Amino acid sequence: MRVAFDMIGELEAALRGAAAAAGVADGDFMPGVRTSDPRHGDFQANGVLAAAKKAGRPPRPLAEAIVARLGPDVREAFDVSVAGPGFVNFAARPALLLAWLRAHTSPDDLARGAAAAHAGETWVVDYSSPNSAKQMHVGHLRSAVIGEAISRLVSFTGARVVRDNHVGDWGTQYGKLIWAYKRHLDGPALGRDPLEEFERLYKLGNAAAESDPAVMEEARAELVRLQAGDAANTEIWRRINEASLASFQGIYERLGIRFDVTLGESFYNDKVEAVYSGLSGSGVSSESQGAQVVFHPEHPRFKTQPLIVRKSDGAANYATTDLATILYRCEHFRAGVILYVVDKRQSDHFEQLFLTARKWFERTGRALPRLEHVDFGTVLGENGKPLRTRTGDNVRLRDLLDEAAERAFDLVTKKSPEFPEDERRAIAEVVGVGSVQYADLSQNRSSDYVFSWEKMISLEGNTAAYLLYALARIRSIFRKGGLECPDPAAEAAADAPATPGEAALARKLLKFADSVRLATETLSPHFLCLYLYELAGEFSTFYGADKVIVDDPVVRARRLMLCSRTLLVMETGLGLLGLRTLGRM
RNA sequence: GCGGUGGUAGCUCAGGAGGAUAGAGCAACGGUUUUCUAAACCGUCGGUCGCGAGUUCGAGUCUCGCCCACCGCGCCA
């Protein structure tokens with residue numbers, strides 16, 4: 001039996017053919033196939049109702065006519081029925097379940113199937129993008145975690161992905177920082193923790209400038225020197241950035257993040273002239289109060305609220321570098337899609353930016369890539385306000401991850417005290433960091449979410465630990481039995497899923513492709529999280545009901561095969577989210 | 001003021017381009033282990049989907065109005 005990875009696409013194609021044969025005009029039918037409530041089957045097509053209306057035909061007979069014209073391959077794979085006013089239900093037959101299990105034995109099998117979606121495309125993903133000279137804090141968490149998961153999803157579905165860390169390494173804060181660096185640098189402190197020292201210096205410089213106009217003048221002069229390419233200031237700036245990136249790297253490693261390029265704002269310093277001239281030359285921008293600005297008369301708000309592309313003092317701002325960045329990504333990377341994984345509070349900025357870029361590109365004969373602001377909500381404390389420490393400071397990402405690992409360590413120690421300490425530490429890092437990542441990803445990204453250690457590491461419900469635990473139990477079966485996973489020779493004896501637990505698990509495995517497609521299409525990893533959680537739930541039910549290591553060789557073979565595939569899909573899925581997995585916990 | 005996002009069970013949240021009896025988890029209550037990891041599993045209880053109209057075979061989902069919460073709004077990013 002032929003098994004498609006994208007079963008929904010396959011069913012839609014079959015339905016279109018059948019609908020045409022039943023006399024439905026081609027453009028009038030959107031099959032609308034989706035996974036369905038298990039009570040109704042595995043997939044359902046809702047599109048017949050709308051098509052019937054359009055064609056002026058009674059829906060139920062039309063559905064029956066379409067179903068009657070489905071080919072033998074579909075009938076062989078699915079039990080097809082018409083329900084209610086005209087829903088078409090598809091229930092996978094045991095033979096299809098078995099065929100799917102046999103067809104997907106390795107990560108490559110899954111990857112090959114998924115890679116058709118975006119083959120040949122180039123996507124640039126702009127994420128994380130912290131400011132240099134500052135510690136990464138909780139405000140940087142979501143962009144990093146969501147951006148990484150989306151990058152992996154897009155890459156898995158076939159695109160060439162350029163992960164770009166657009167670091168904020170250029171800005172007015174450097175005047176004060178360099179001023180303080182030259183006068184108050186604490187060498188030993190710098191050696192211990194550079195970012196700590198930079199922050200101290202910045203605060204010091206800022207306070208001095210606020211209270212003393214002379215200092216303010218000097219700081220401004222330092223900035224001018226830096227921007228003019230002064231050797232000493234450039235060297236200080238370079239050192240600050242180098243140390244910053246090295247510090248960020250520690251966080252990225254814990255979160256499983258690796259960028260392809262790190263092109264900060266400074267990279268675009270020599271590319272902003274093209275923006276000024278391009279915008280004014282094409283008539284997109286105008287002059288207002290000494291600044292170069294772009295109004296959008298057709299927009300209710302941006303007709304009066306301009307995008308400032310050049311400040312009245314002649315300097316660039318982030319709108320300028322963002323525009324230069326779009327052009328660079330098009331010309332240098334040949335980007336077809338650019339994603340900005342940035343806080344939703346910046347949605348106005350991106351809307352203006354994209355409008356401006358579109359006009360600029362149109363009038364200069366360039367093809368505009370798909371530009372998308374992948375926004376996300378704020379991490380809140382249990383008081384419903386943005387998460388802060390008791391003292392009201394930003395929660396540093398390093399401290400947050402440390403605490404997660406520490407809490408996980410206490411738990412592992414309680415549950416598995418017999419494990420050696422270094423293993424408990426290693427498990428705690430995976431569980432702790434994974435819990436933070438998963439808590440972030442499992443929620444709809446565009447809404448704010450409440451950060452709760454309790455729920456995150458409580459290990460009940462839709463959490464990383466629940467998933468990792470299910471995985472550890474599967475591995476344990478193979479370990480205890482001294483078995484290979486997968487073992488093609490042993491699996492040859494397997495027959496089709498038979499018990500309710502086996503069938504439910506196999507049916508869920510079948511829907512992995514849909515969860516990946518849905519998560520990627522909507523750039524919402526939480527759909528994949530939900531799927532993995534449900535899969536782990538089906539596995540746990542199966543595990544409780546059906547003993548795997550039994551004497552009957554056929555039963556044992558098919559259950560081992562189910563375990564092996566569940567492991568494969570769980571690991572692949574968690575990998576796409578950026579989580580690591582464990583052998584035992 | 002203008003604009004954006006949200007309001008679903010006591011709590012935290014899902015709900016795909018309008019589809020079938022609105023789903024999970026936590027909490028509460030009850031049950032399951034001489035058997036592969038009980039960090040688990042099974043069951044019960046729990047809903048005027050903010051309010052009011054409208055669109056239609058059908059609305060948590062679309063339209064309009066209102067209420068509430070959060071966020072953004074010229075030279076920061």
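Chain letters run A, B, ... following the sequence lines, proteins first, then strands; residues in each count from 1. Predicted, not measured: the structure shown is a model, and the values here were computed from it.
Among all heavy-atom pairs drawn from Arg142(A) and Arg445(A), the shortest one is NH1-O, 3.4 Å. Closest of all the heavy-atom pairs between Phe29(A) and Val48(A) is CE1-N, 3.8 Å. Annotation for Cys563(A) and Phe542(A): closest pair SG-CE2, 4.1 Å, computed over non-hydrogen atoms.
A gap of 15 Å separates the P atoms of G52(B) and A59(B), to the nearest Å. For the P atoms, the distance from U63(B) to U55(B) is 15 Å, rounded to whole Å. Taking atom P in both C67(B) and C76(B), one finds a spacing of 36 Å when rounded to whole Å. Remark: the separation of the P atoms in A9(B) and A17(B) is 23 Å, to the nearest Å. Taking the P atom of each, U5(B) and G47(B) are spaced 31 Å apart, rounded to whole Å. Look at the C1' atom in both U61(B) and G19(B): the space between them is 11 Å, to the nearest Å. Nucleotides A24(B) and A14(B) have their C1' atoms positioned 7 Å apart, rounded to a whole Å. Separating the C1' atom of U8(B) from that of G60(B) is a span of 7 Å, rounded to the nearest Å.
Not a single donor-acceptor pair, N or O on each side, falls under 3.5 Å between the base of A39(B) and the side chain of Tyr469(A). Side chain Asp37(A) to base G23(B): no donor-acceptor pair is found below 3.5 Å. For Asn46(A) against A20(B), a side-chain-to-base donor-acceptor contact under 3.5 Å is absent. Judged by atom type and distance alone, Arg34(A) reaches the base of G16(B) through a side-chain donor-acceptor pair under 3.5 Å.
The aromatic rings of Phe302(A) and His299(A) sit parallel, their planes meeting at an angle under 30°, below the 60° perpendicular limit. The aromatic rings of Tyr340(A) and Phe350(A) lie tilted to each other, with the angle between the two planes from 30° to 60°.
Side-chain atoms of Leu530(A) lie closest to A14(B) of the nucleotides A14(B), G3(B), G72(B). Of the candidates G16(B), A40(B), A20(B), A40(B) carries the atom nearest the Glu460(A) side chain, counting heavy atoms from C-beta on. You'll find that the side chain of Phe527(A) is closest to G15(B), out of G15(B), G72(B), G74(B). Here the side chain of Lys415(A) is nearest to one of A20(B), U56(B), A39(B), namely A39(B). Comparing G3(B), C36(B), U12(B) by their nearest atom to the side chain of Ile477(A) picks out C36(B). Between C41(B), G23(B), C75(B), one nucleotide has an atom nearer to the side chain of Arg39(A) than all others, and that is G23(B). Distances were taken from every side-chain heavy atom of Met30(A) (C-beta onward) to each of G16(B), A17(B), A14(B); the shortest belongs to A17(B). The side chain of Ser540(A) sits closest to C41(B) out of C41(B), A39(B), C71(B). Ranking C73(B), G74(B), G25(B) by closeness to the Tyr533(A) side chain, first place goes to G25(B).
Within 4.0 Å (heavy atoms only), Ser312(A) reaches at least one base atom of the nucleic acid. Here Glu351(A) lies out of heavy-atom contact (under 4.0 Å) with every strand. Gly544(A) comes within 4.0 angstrom of no nucleic acid atom, judged by non-hydrogen atoms across all strands. When heavy atoms are screened at a 4.0 angstrom cut-off, Val450(A) is found touching the sugar-phosphate backbone but no base atom. Base engagement by Leu518(A) is indicated by at least one non-hydrogen atom pair under 4.0 Å involving a base atom. Counting any heavy atom pair closer than 4.0 Å across all strands shown, Leu411(A) reaches a base atom. Among the atoms of the strands shown, none is found under 4.0 Å from any heavy atom of Glu534(A). Within the nucleic acid shown, Glu265(A) comes within 4.0 Å of sugar-phosphate atoms alone, with no base atom in reach, counting heavy atoms only. Residue-level contact check: Phe542(A) touches neither bases nor backbone, having no heavy atom under 4.0 Å from any strand. Using a 4.0 Å heavy-atom distance criterion, Ala291(A) is classed as a base contact. Base contact: Lys547(A) has a heavy atom under 4.0 Å from a base atom.
Residues Phe43(A) and Phe90(A) keep their aromatic ring centres 6.0 Å or farther apart. Close placement of the Tyr318(A) and His349(A) rings is indicated, their centers lying within 6.0 Å of each other.
Going from atom CG of Asp343(A) over to atom C1' of C73(B) covers 15 Å, rounded to whole Å. Nucleotide C75(B) holds its C1' atom 15 Å from the CG atom of Asp322(A), rounded to whole Å. Atom CD in Gln44(A) sits about 14 Å away from atom P in A17(B), given to the nearest Å.
Using a 3.5 Å distance cut-off with no hydrogens or angles, the side chains of Asn317(A) and Thr320(A) do pair a donor with an acceptor. Residues Asn462(A) and Tyr438(A) have side chains that bring a donor and an acceptor to within less than 3.5 angstrom of each other. There is a side-chain donor-acceptor pair under 3.5 Å between Asn206(A) and Lys176(A). Defined by atom type and a distance below 3.5 Å, a donor-acceptor pair is missing between the side-chain atoms of Asp322(A) and Tyr268(A). Residues Asp375(A) and Ser347(A) bring no donor and acceptor atom of their side chains to less than 3.5 Å of each other. For the residue pair Tyr174(A)/Ser132(A), the side-chain donor-acceptor check at 3.5 Å is satisfied.
Phosphate proximity of A77(B) to Thr172(A): absent, as no side-chain N or O sits under 4.0 Å from OP1 or OP2. Distances shown here put a side-chain N or O of Gln443(A) below 4.0 Å from the OP1 or OP2 atom of C13(B). Contact annotation: Lys311(A) reaches the phosphate of C76(B) (side-chain N/O to OP1 or OP2, under 4.0 Å). The phosphate of C41(B) has neither OP1 nor OP2 within less than 4.0 Å of any side-chain N or O from Arg473(A). In this model, the phosphate group of C42(B) is approached by a side-chain N or O of Thr541(A) to a distance below 4.0 Å at OP1 or OP2. Between C76(B) and His349(A), no contact under 4.0 Å exists linking OP1 or OP2 to a side-chain N or O. When the side-chain nitrogen and oxygen atoms of Tyr466(A) are compared with OP1 and OP2 of C26(B), none of them lie within a distance under 4.0 Å.
Here the straight-line distance linking atom OG of Ser442(A) with atom CD of Gln437(A) works out to 11.5 Å at 0.5 Å rounding.
Annotation: of the two residues near RNA chain B, Leu49(A) and Lys344(A), the 5′-most nearest-nucleotide partner is Lys344(A). Both Ser416(A) and Glu521(A) lie near RNA chain B, and the one whose nearest nucleotide falls closer to the 5' end is Glu521(A).
The ring of Phe87(A) lies on top of the base of A20(B), close enough and flat enough: under 5.5 Å between centres, under 30° between planes.
In this structure, G74(B) is classed as syn because its glycosidic torsion stays within 90° of zero.
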Quiz item: In dot-bracket, 5' to 3', how would RNA chain B read with Watson-Crick or G-U wobble pairs under 3.5 Å, [ ] for crossing ones and | for pairs to another strand?
Solution: (((((((..((((.....[...)))).(((((.......))))).....(((((..]....))))))))))))....
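Shown for residues 554-562 of chain A: no residue has heavy atoms falling under 4.0 angstrom of RNA chain B.
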